[in-house]
Amino acid sequence: MKSVVIEQPGELTLQQRPLPAPAPGEVRVKVRYASICGSDVHIWHGHNPFARYPRVIGHEFFGVIDAVGAGVDAGRIGERVAVDPVVSCGHCYPCSVGRPNVCRELQVIGVHRDGGFSEYAVAPASNAYRVPESIPDKLASLIEPFTIAANISAFLQPTAQDVALIYGAGPMGLTAIQVLKGVYGVHQVLVVDRLPERLAMAQQSGADAVFNNSEVPLAAQLEGIQPTLIIDAACHPAILAEAAAIASPAGRIGLLGFSAEPCTLTQQSLTSKELSLFTSRLNSRRFPQVIEWIERGAIQPEKLVTHYFPLAQVEQAMTLFEKDPRTCCKVILSVE
Ligand code: NAI
Ligand code: MN
Ligand code: ZN
């Protein structure tokens, strides 16, 4: 099979590899589509602290089960599936409280083990979720990025009366906009980014108002609006302090970032308004929820897609994705 392998930081190759056999409890998926994420680019450049090399990258993928390991129902062969990249032990403390995404032995497919930028990939059978016929092949790899928004929303508990603010209109911010508007019916969703093209995408995804903070700081543009719910999907370490300063009393802030730089803020800025701060990593078994949202039209993954490339052009696709955020949002590799 052909696979995209990061041999070591900086070295992306398209290799011929032996077809993997599914281990007991696993399925093998013949991959059809896989979408590119910022973290794939980070693994390529050696900027992902969790990655081990050499690695077949790709954690957002869809395909058809073509083989099953011992103990897996052979009736699943032929099933169209999206694969949850979160592989967990099932018995540690976080697993026991329904948070396998921060399992003590967490293994992320495409990061800690081989992923979906490949003609075939193996995964635990319980990570392969059946995709209904109403979701087309070309869009099914986007279930995973929406699970990030689903996960942070489960902490933030959005309501219709919220005034939400989302930092960043990249794929993460755009999925969050769609979930807040389409699923939770949030009255007002405000979005801030530095790129006008990204803000136009935010409007496409349902933002009620957009702000460009490339020249004028956001606080000066809000005219006293105090957001009750804030999601940081831009993830610069300076954002948290600004979010705390502009948030409404009793507001909630959700953080998605992995920066190793300190965020500097005072206890007073949080406690005086009794702000709640939530962090969210990947997803805890949220594939069924997102599949149901897409099925009933609450969210529209097609709005995120700007490009398709064949797998063989992976380097060109990842370079465009990395260098051109003004024209790119989700870039999807087609594997057949
Ligand atoms: P992206 O880089 O495509 O989007 C970020 C957007 O934020 C860009 O449009 C950029 O112009 C904008 N931005 C940057 N600094 C800003 C600032 N100071 N104010 C306003 N806008 C600003 O990235 P993507 O894929 O949307 O991911 C966003 C972040 O989410 C990344 O830092 C990534 O590491 C993190 N992430 C976290 C996950 C989690 O499970 N916690 C999962 C996936 C991504
Ligand atoms: Mn991703
Ligand atoms: Zn565990």
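Atom set for the values below is all heavy atoms of this structure, side chains included, hydrogens, waters and symmetry mates excluded. Atoms within each ligand, like the ligands themselves, are counted from 1 in listed order.
Contact atoms of ligand 1 toward Val192: 20 (C), 21 (N) (distance under 4.0 Å to a heavy atom of the residue). Below 4.0 Å from some heavy atom of Phe258 lie the following atoms of ligand 1, by number and element: 37 (C), 38 (C), 39 (C), 41 (N).
Side-chain heavy atoms closer than 4.5 Å link hydrophobic residues (I, L, V, M, F, W, Y) into clusters, and following such links, possibly through other members, connects Ile230 to Leu265.
Checked by atom type and distance alone, the side chain of Asn213 never pairs as donor or acceptor with a backbone atom of Val216 at under 3.5 Å. The backbone N or O of His42 lies less than 3.5 Å from no partner atom in the side chain of Ser39, so there is not a single donor-acceptor pair. Of the possible polar contacts, one joining the Glu119 side chain to the Lys2 backbone as a donor-acceptor pair under 3.5 Å is found. Side chain of Asp193 to main chain of Leu195: a donor-acceptor pair is present (N/O by atom type, distance under 3.5 Å, no hydrogens or angles). A donor-acceptor contact shorter than 3.5 Å links the side chain of Arg55 to the backbone of Val111.
Of the protein's non-hydrogen atoms, Cys235 SG, 3.6 Å is the one closest to atom 30 (O) of ligand 1. Annotation: atom 20 (C) of ligand 1 to nearest protein heavy atom, Asn213 ND2, 3.4 Å. What sits closest to atom 15 (N) of ligand 1 on the protein, heavy atoms only, is Arg194 NH1, 3.7 Å. Here the heavy atom of the protein found nearest to atom 37 (C) of ligand 1 is Leu256 O, 3.1 Å. Scanning the protein heavy atoms around atom 14 (C) of ligand 1, the nearest turns out to be Ala234 CB, 3.9 Å. Looking from atom 23 (O) of ligand 1 to the surrounding protein, the closest heavy atom is Pro171 CD, 4.4 Å.
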Just do the side-chain hydrogen bond (donor to acceptor under 3.5 Å, both in side chains) check on Gln178 and Ser205 with the steps written out, would you?
CA-CA 6 Å; Gln178 288 197 23; Ser205 273; 3.1 Å; yes
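In summary, the side chains of Gln289 and Glu292 do not present any donor paired with an acceptor at a separation below 3.5 Å, with no hydrogens or angles considered. Between the side chains of His45 and Glu322, at least one donor-acceptor pair of N or O atoms lies under 3.5 Å. Of the N and O atoms on the side chains of Tyr167 and Glu242, at least one donor lies less than 3.5 Å from an acceptor on the other residue. Checked by atom type, the side-chain pair Ser284/Asn151 shows a donor-acceptor distance below 3.5 Å. In this model, a donor atom of one side chain and an acceptor atom of the other lie less than 3.5 Å apart for Gln15 and Thr13. Using modelled atom types and a 3.5 Å distance limit, the side chains of Arg281 and Thr279 yield no donor-acceptor pair. With 3.5 Å as the limit, one finds a donor-acceptor pair spanning the side chains of Arg285 and Tyr129. Remark: the Ser35 side chain and the Glu60 side chain contain an N/O donor-acceptor pair separated by less than 3.5 Å.
Only the backbone of Ser280 comes within 4.0 Å of ligand 1, counting heavy atoms alone; no side-chain atom from C-beta on gets that close. Here Arg281 has backbone heavy atoms under 4.0 Å from ligand 1, and that is the only part of it that gets that close. Within the 4.0 Å heavy-atom criterion, neither part of Thr279 lies near ligand 1.
Met1 is listed as a side-chain neighbour of Ser118, based on a closest heavy-atom distance under 4.5 Å.
Taking a cut-off of 2.8 Å, the protein N, O or S atoms nearer than that to the Zn ion (ligand 3) are Cys89 SG, Cys92 SG, Cys95 SG, Cys103 SG.
Polar contact with ligand 1: present for Asp193 (N/O pair, distance under 3.5 Å). Looking at ligand 1, you'll find an N or O of Leu282 within less than 3.5 Å of one of its N or O atoms. Considering backbone and side-chain N/O atoms, Met172 comes within less than 3.5 Å of an N/O atom of ligand 1. In terms of N/O distances under 3.5 Å, ligand 1 is not approached by Gly173.
Within a 4.0 Å radius of atom 33 (C) of ligand 1, the protein has no heavy atom. In this structure, atom 2 (O) of ligand 1 is not in close contact with the protein, since no protein heavy atom lies within 4.0 Å of it.
Stacking of Arg28 on the aromatic ring of Tyr120 is recorded, both the 6.0 Å distance cut-off and the 45° axial limit being met.
Evaluated by nearest non-hydrogen atom to atom 28 (C) of ligand 1, the leading choice among Gly170, Ser259, Ala233 is Ala233.
Using bins of under 30°, 30° to 60° and over 60° for the plane-to-plane angle, the ring pair Phe50/His112 lands in the tilted bin.
Nearby protein atoms of type N, O or S around the Mn ion (ligand 2) amount to 3 (distance under 2.8 Å).
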